[in-house]
Trainee: 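Mind looking over this structure? Questions follow.
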Amino acid sequence: MKKMIDEVKPRILLVASPNNPTGNGLTPDELGQLIEMVPQETVVLVDEAYASYVTSDITYITNLIARYPNLVICRTLSKFYGLPGLRMGFGFVGNSDEMAKFAKYSNKYLGYDRLSEEVAIAALNSEDHYREIANVMDEARRMYKDELGSLPGFKVYKSVANFILIKYPIEKKEELQKAFAGEEYKVKFMNEPDLNEQMRITLGRKEQNRKVCDIILSICKQ
């Protein structure tokens, strides 16, 4: 991988952690190893749109930013805070002249209005409310793993996002699709190369999560 990166020498390296659609993420050590593999003049932009679902700890960001001046870690209010229409986010930027220019550019050309700012601040100050929602999703992730992970032909992928990816027996696809067709809660059946035996489930309220799991169990335990 390092040889490939050296040959291409990208100006900006974009990394999504957690990733979509798998929901898995990189550890701080893995991020550090990745940054070590690219030239220092390359900006490493890490998109952490879903990171807040599993932790409120950002101390690792402080350590990474201090160590790597070419690093940018960005987050959005669209996912964890449920405000996609606000088009607001925030970031952590390495301390260098190049990054200072980036900050000035974003302030000048990617600005926001006062109302959006007030809503964003209110959301950021409501951490306890959003953390309760995240806890419900954490319970759902464990439920899917415990109840579906041991079924024949199933694999529940590790997720640190507000969705989970589950591999199921492909011969059950039509039955599962029919079972969900009349339900209000929809499940996305993946249909991509090498990713056509999986379903991506967005985590919701406790009763919704339970219902989705029960539907899958009713079909796959027959």
Side-chain angles (χ1 to χ4, degrees), residues 12-28 30-31 34 43-62 64-65 71-93 102-103 106-107 110-113 115-145 156-166 184-190 192 195 198-213:
I12 299 180
L13 177 63
L14 304 176
V15 181
S17 178
N19 185 32
N20 184 6
T22 64
N24 55 34
L26 297 174
T27 67
E30 289 170 335
L31 280 174
L34 178 62
V43 175
V44 180
L45 175 60
V46 182
D47 180 358
E48 288 195 339
Y50 301 98
S52 297
Y53 282 105
V54 290
T55 181
S56 57
D57 181 20
I58 59 172
T59 55
Y60 72 93
I61 295 178
T62 303
L64 287 171
I65 290 295
L71 174 63
V72 178
I73 295 180
C74 62
R75 293 188 177 185
T76 176
L77 273 68
S78 297
K79 307 300 181 182
F80 181 71
Y81 296 99
L83 297 169
L86 202 64
R87 313 304 295 173
M88 288 282 284
F90 55 96
F92 308 86
V93 183
F102 172 80
S106 63
N107 287 336
L110 305 176
Y112 45 84
D113 57 55
L115 179 59
S116 296
E117 180 182 30
E118 293 294 334
V119 173
I121 292 173
L124 292 171
N125 287 334
S126 303
E127 178 72 16
D128 290 345
H129 167 71
Y130 292 105
R131 191 54 52 193
E132 289 179 8
I133 297 173
N135 290 339
V136 171
M137 294 183 179
D138 188 47
E139 292 175 5
R141 283 189 288 267
R142 291 197 300 269
M143 177 189 68
Y144 283 119
K145 185 176 185 302
V156 180
Y157 295 82
K158 182 179 179 181
S159 173
V160 288
N162 65 330
F163 55 84
I164 194 164
L165 189 70
I166 300 175
E184 295 181 357
Y185 197 91
K186 305 300 180 183
V187 168
K188 181 174 182 178
F189 290 86
M190 309 302 295
E192 304 292 337
L195 198 66
Q198 289 82 7
M199 63 179 83
R200 181 187 183 278
I201 302 172
T202 299
L203 306 177
R205 298 190 302 273
K206 183 177 294 188
E207 66 272 15
Q208 292 175 320
N209 299 325
R210 181 70 262 171
K211 183 176 183 180
V212 170
C213 188

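For this chain, numbers begin at 1 and follow the sequence in order.
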Trainee: State plainly whether the residues Arg131 and Asp128 are in salt-bridge range, i.e. N to O under 4.0 Å.
Mentor: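 Looking at Asp128 together with Arg131, the answer is no, because their closest N to O distance does not fall below 4.0 Å.
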Trainee: What residues form a salt bridge (charged side-chain N to carboxylate O under 4.0 Å, His left out) with Glu132, not counting sequence neighbours?
Mentor: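 Glu132: no salt bridge (charged side-chain N to carboxylate O under 4.0 Å, His left out) contacts found.
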Trainee: Between Leu203 and Ala140, which heavy-atom pair has the shortest distance, and what is it?
Mentor: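 Scanning both residues, the minimum pair turns out to be CD2-CB, 4.0 Å.
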Trainee: Give, for atom CZ of Arg200 and atom CG of Leu165, the distance between the pair rounded to the nearest 0.5 Å.
Mentor: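 The CG atom of Leu165 is 8.5 Å from CZ of Arg200, to the nearest 0.5 Å.
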Trainee: Please check if the number of heavy atoms outside Glu207 that lie under 6.0 Å from its CD is greater than 12.
Mentor: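 Buried by this count: over 12 neighbours within 6.0 Å.
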Trainee: Measure across Tyr53 and Ala134 and return the closest heavy-atom pair with its distance rounded to 0.1 Å.
Mentor: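 Looks like O-CB, 3.6 Å.
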Trainee: In Å and rounded to the nearest 0.5 Å, what is the OH to OG distance from Tyr50 to Ser159?
Mentor: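 Separation between the atoms: 9.5 Å.
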Trainee: Can you check whether Ile166 reaches Tyr144 side chain to side chain, under 4.5 Å on heavy atoms?
Mentor: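 Yes; the side chains approach each other to less than 4.5 Å.
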Trainee: Are the side chain of Asn209 and the backbone N or O of Gly204 linked by a donor-acceptor pair below 3.5 Å?
Mentor: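 Pair found, side chain donor or acceptor close to backbone of Gly204.
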Trainee: Run the side-chain contact (heavy atoms from CB on, under 4.5 Å) check on Val160 and Arg141 step by step: do they pass?
Mentor: CA-CA 9 Å; Val160 288; Arg141 283 189 288 267; 6.0 Å; no
Trainee: Taking NZ in Lys206 as the centre, count heavy atoms belonging to other residues, nucleotides or ligands within less than 6.0 Å. Is the count above 12?
Mentor: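 No, because the 6.0 Å sphere around NZ of Lys206 holds 12 heavy atoms or fewer from other groups.
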Trainee: Could you check if a side-chain atom of Val43 sits within less than 4.5 angstrom of a side-chain atom of Leu13, using non-hydrogen atoms only?
Mentor: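 No, side chains not in contact.
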Trainee: Ignoring hydrogens and angles, tell me if any N or O in the side chain of Glu118 forms a donor-acceptor pair with the backbone of Leu115 under 3.5 Å.
Mentor: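 No, Glu118 side chain to Leu115 backbone: no donor-acceptor pair under 3.5 Å.
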Trainee: What donor-acceptor contacts under 3.5 angstrom involve side-chain atoms of residues 77-91, with partners at least two apart or in another chain?
Mentor:
{"unit_1": "Ser78", "atom_1": "OG", "unit_2": "Thr76", "atom_2": "OG1", "d": "3.0"}
{"unit_1": "Tyr81", "atom_1": "OH", "unit_2": "Glu127", "atom_2": "OE1", "d": "3.4"}

